[in-house]
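Input: a single structure, listed below in structure tokens.
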Amino acid sequence: MAVKPRDIIIFLLLWSGLFALGVYLYLAFNFYAHEGIFLMEKAQLATRGNPPRLENLGLIYPPLPYLFYLPLGLTSNPISSLIISTSWGALIVALCIRYLRWIPGKNVIKFALTVLLFINPVFLYVIFAQPSQTLYILFFVIFVYSFFRFNETRIPYYIVLSGVALGAMSGIRYDTFFLTLVLIPFAPFLISESTEFNATRIFALTLMLVLPTFIVLGSWVYLNWIFAGEPFYFYFSPYSYFKQVSKEMSLRPELAEAKGNIILSFWIILKLAFFTYPAYLFTLPTIKTITLFVATFSPIILQIIVVFLGISAVSYSWFAVLVPLAVIIMYYYLNSPLLSNVYSYVVLGLMFISLYFGYISLEKSVDITESNFIKVLKGEIVTDIFEEELQVAKHLKETVNENEMIIIDDAVGYPIVCFFNNPKQFYLPYQYDYIRVIQQPQFAANYIVVPRPDITVTGFDQLTAMYPDAFEKGFEFTTLAFETSKWRVYKSVVKQSNITYEEK
């Protein structure tokens, strides 16, 4: 179905409302997408770094969110991040509203479902605090909806669209690859369920479904090989996405115990799904075919696999993907002869109750940004997590000349680099000579920014690793220029007479 003017109007209205709300949360309560700052810093490095290198976006980190953030490489304002993240959130809701045209049903129930989607606290949290997860949900919705449409129409286009969406998901979260592996042995049976049996046709459609994922991940391995000299640099790098996850999992003993235990992994994920959005589980019995059940249950399947493998630090916000999926299921089965109106209203009531479940799950979360969002909903002003980083960036802006250089590791110092907004003045780990520079940092740069060692527990800071006592003692030929509880800035006082002939 072609895009109509009303589709664009609905999207713009939704985006305007979400963006205005996001700006209000930032200005009134200090709440904004911290991940957005990370994405903006990488966009700065890709467009204005020293040197600017686009390949930085596709080596260690999943590349797709960074590519969308490239236009924000010129700014460091947190409000700028909201432009993109809220547009993705608005598009998810707009797509769900668009799907109403295909589905018969009572308008009052459809309207109620859309409202309950729009105001769900977990869904709203993801839009305002997790841009990449919002983009992931967008493609997940397309992936699942395409299965529904293929089941109805048997048009191959929808399998192709589903495969493209699955490939895009792999470019946002690499663990989607495991979901694709699970789909491979089942895909022929799933596809044959919705089309006449023809071995060649089924093989071709299966290939269309899974091939985009392998293309995305194959390109990623190729980029690692070309630019880093190691095809699996994304795994062995100290900044690896997988190493970050494993360190975060150490903070969640329950997940660590589930590693290698499929029953415990299943129980944990099912429990988290219920406590986040119970309405989703009650929509599953309405699904008539294995094809659609596997598609709609795939978020749970994926998390069970990655928790079992020990590569997921799953949080409550992950289950925001269940909210639009439950809405899609309800859209399709509102007028099903297999359902009574009573059941539709029961599930609708459960979706309303799920607002409370989402609120409570975020409130009790160990993730500080998740719990902060609930404080904001209560009208409390939260402490800006990057308050000290803003202070450091402001000090550097006021004291550092344009021809002076700063050494920092942006594993945890990325907010400072972003807020400073001139990446060319930094020595950073992505530069080839960074190791040489930090061997004698006071001779290479005018300022050295050092984090308190304990705040690097979920990151890797090469300065702290090489100089464990640098935060307390500084460096030879430096003076303490500025400090906060988490950061210290040392100014080099190296004179030409201090430099030996060899150092020259």
Side-chain angles (χ1 to χ4, degrees), residues 32-46 48-50 53 56-57 60-61 66 69 73 75-78 81 237-241 243-244 247-248 368-369 384-400 404-431 433-435 437-439 441-442 444-472 474-475 478 480-492:
Y32 58 95
H34 301 130
E35 186 195 23
I37 301 302
F38 180 76
L39 295 171
M40 288 166 62
E41 187 251 2
K42 297 305 176 187
Q44 289 181 8
L45 299 183
R48 298 186 290 121
N50 183 25
R53 288 197 346 212
N56 294 328
L57 307 183
I60 302 169
Y61 309 107
Y66 299 87
Y69 264 74
T75 180
S76 61
N77 192 321
S81 175
S237 168
Y239 300 94
S240 166
Y241 162 80
K243 287 184 172 58
Q244 299 288 333
K247 291 176 182 177
E248 291 173 6
I368 189 171
T369 56
D384 188 343
I385 293 180
F386 293 152
E387 180 179 6
E388 294 188 26
E389 286 77 4
L390 277 166
Q391 295 174 8
V392 173
K394 181 180 179 182
H395 170 78
L396 292 174
K397 279 185 176 182
E398 294 173 348
T399 57
V400 178
E404 293 182 317
M405 296 296 295
I406 308 162
I407 293 178
I408 192 172
D409 190 319
D410 61 344
V412 290
Y414 65 88
I416 296 173
V417 177
C418 180
F419 295 136
F420 187 80
N421 202 24
N422 189 4
K424 288 187 177 181
Q425 290 190 248
F426 286 93
Y427 286 118
L428 297 167
Y430 83 91
Q431 296 164 344
D433 60 346
Y434 185 74
I435 295 297
V437 165
I438 64 173
Q439 288 176 353
Q442 66 273 42
N446 305 93
Y447 293 88
I448 310 168
V449 183
V450 184
R452 196 177 66 221
D454 63 286
I455 70 171
T456 66
V457 65
T458 57
F460 181 85
D461 187 280
Q462 294 191 44
L463 272 172
T464 304
M466 186 172 288
Y467 305 101
D469 57 353
F471 182 80
E472 296 293 338
F475 305 85
T478 64
L480 181 62
F482 184 77
E483 67 176 319
T484 68
S485 65
K486 295 195 300 182
W487 295 93
R488 288 187 176 178
V489 179
Y490 290 95
K491 178 178 173 58
S492 174

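In this text the structure is predicted, and so the values were computed from the model without any measurement.
For Gln442, there are no side chain to side chain donor-acceptor pair (under 3.5 Å) partners two or more places apart in sequence or in a different chain. Partners of Asn77 by side chain to side chain donor-acceptor pair (under 3.5 Å), not counting sequence neighbours: none found. Looking at residues two or more places apart in sequence or on another chain, you find a side chain to side chain contact (heavy atoms under 4.5 Å, CB included) between Asp469 and Lys473. Taking His395 as the reference, Phe482 meet the ring-ring contact (aromatic ring centres under 6.0 Å, His included) condition, with sequence neighbours excluded. Applying the side chain to side chain contact (heavy atoms under 4.5 Å, CB included) criterion to Ser81, with sequence neighbours excluded, gives Ala33, Met40, Tyr69, Pro131. Remark: Thr464 pairs with Asp461 by the side chain to side chain donor-acceptor pair (under 3.5 Å) rule, at least two apart or across chains. For Glu483, the side chain to side chain donor-acceptor pair (under 3.5 Å) partners are Arg488, not counting sequence neighbours. Remark: Tyr447 pairs with no residue by the ring-ring contact (aromatic ring centres under 6.0 Å, His included) rule, at least two apart or across chains. Listed by chain and number, the residues in a side chain to side chain contact (heavy atoms under 4.5 Å, CB included) with Leu390 are Asp384, Phe419 (sequence neighbours excluded). Applying the side chain to side chain contact (heavy atoms under 4.5 Å, CB included) criterion to Lys486, with sequence neighbours excluded, gives Glu388, Glu389, Arg452, Ile455, Thr484. Remark: Tyr427 engages no residue in a ring-ring contact (aromatic ring centres under 6.0 Å, His included) (not counting sequence neighbours).
We find the CG-CG distance between Leu45 and Leu428 to be 6.0 Å, quoted to the nearest 0.5 Å. Interatomic distance, CE of Met405 versus OG of Ser492, reported as 13.0 Å (0.5 Å rounding). Rounding to the nearest 0.5 Å places OG1 of Thr478 at 11.0 Å from NZ of Lys491. Thr369 OG1 to Tyr32 OH: the interatomic distance, rounded to the nearest 0.5 Å, is 11.5 Å. For the atom pair CG of Leu396 and CG of Asn421, the computed distance is 13.0 Å after rounding to the nearest 0.5 Å. Interatomic distance, Asp410 CG to Tyr430 OH, rounded to the nearest 0.5 Å: 9.0 Å.
Among all heavy-atom pairs drawn from Val450 and Phe475, the shortest one is CG2-CE1, 3.8 Å. Heavy-atom minimum distance, Gln425 versus Val400: NE2-CG1, 3.4 Å. For the pair Pro429 and Gln462, the tightest heavy-atom approach, listed with the atom from each and the gap, is CB-NE2, 3.9 Å. In terms of heavy-atom proximity, Pro78 sits nearest to Ile37 at CG-CD1, 4.0 Å. Between Gln44 and Gly73, the shortest heavy-atom contact is CG-O, 3.3 Å. Looking at every heavy atom in both residues, Pro453 comes nearest to Pro468 through CG-O, 3.9 Å.
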Does the side chain to side chain contact (heavy atoms under 4.5 Å, CB included) test come out yes or no for Phe420 and Ile406, once each step is laid out? CA-CA 11 Å; Phe420 187 80; Ile406 308 162; 4.1 Å; yes
Trace of the side chain to side chain contact (heavy atoms under 4.5 Å, CB included) decision for Leu463 with Tyr434: CA-CA 10 Å; Leu463 272 172; Tyr434 185 74; 4.0 Å; yes
In sequence, state the C-alpha distance, the side-chain angles, and the governing distance for Trp487 and Val449, and then conclude on side chain to side chain contact (heavy atoms under 4.5 Å, CB included). CA-CA 7 Å; Trp487 295 93; Val449 183; 3.6 Å; yes
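Contact of the Cys418 side chain with the Phe386 side chain is not registered, since no non-hydrogen atoms from C-beta on lie closer than 4.5 Å. No side-chain heavy atom of Ile407 sits less than 4.5 Å from a side-chain heavy atom of Phe426.
Within a 6.0 Å sphere centred on CD1 of Ile435, other residues, nucleotides and ligands contribute more than 12 heavy atoms.
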